[in-house]
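Accompanying notes for the structure given below.
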Amino acid sequence: MSGTLTEQTMTGGCQCGAVRYEASGPPLEIYVCHCTECRKQSASAFGISVIVHSTGVRLVHGTPVRWSRLADSGRTVDCFFCPECGSRLWHGDKERAETISIKGGSLDEPPEITSAVHIWTNSKLAGVTIPDQATRFCKEPE
Ligand SMILES: [Zn+2]
Ligand SMILES: [Zn+2]
């Protein structure tokens, strides 16, 4: 992997600390997703997806467990979480997919979401404000 001046290592883990990981940054893209699945997954108002190259992701401690679900698109979403505390860590199988989606709240240093792309805004909770300049899609970008 070629190093650049902007390369950075991001660290993260679950709520209890049993699973820890590192990922090479900067992120390829950051999405804030207002879909109902992300709301369930995060048990909060929206999900934060930090897209990184799978090859840059290293497990530092513990082993996450996989739960898979079928998305509306027909694709299978592989969801990885801590077997101890249940915190969701990332979506996508890093052994098979080129990129995975790290769940933003699991990062030690919170991701900068000022310029994140907002998706599924048609199911956004009332009271959640999207920055005026943010790129947004009412569903998923084509
Ligand atoms: Zn945990
Ligand atoms: Zn979503």
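One is the number of the first residue; the rest follow in order along the sequence. Read the numbers this way: they start at 1 and go in the same order the structure lists the ligands and their atoms.
Geometry about the Zn ion (ligand 1) gives an angle of 110° between SG of Cys14 and SG of Cys16, rounded in steps of 10 degrees. Between the SG atom of Cys85 and the SG atom of Cys82, the angle centred on the Zn ion (ligand 1) amounts to 110° when rounded to 10°.
Ring-plane geometry between His118 and His34 is classed as parallel, the angle between the planes falling under 30 degrees on a 0 to 90 degree scale with a further cut at 60.
Between Asp108 and Arg20 there is a salt bridge, with a side-chain nitrogen of the basic residue lying less than 4.0 Å from a carboxylate oxygen of the acidic one.
Other residues, nucleotides and ligands contribute only 12 or fewer heavy atoms inside 6.0 Å of the CD atom of Glu109.
When distances to the Zn ion (ligand 2) are checked against a cut-off of 2.8 Å, Cys38 contributes an N, O or S atom below that limit.
To the nearest 0.5 Å, atom SG of residue Cys14 and atom NE2 of residue His61 are 9.5 Å apart.
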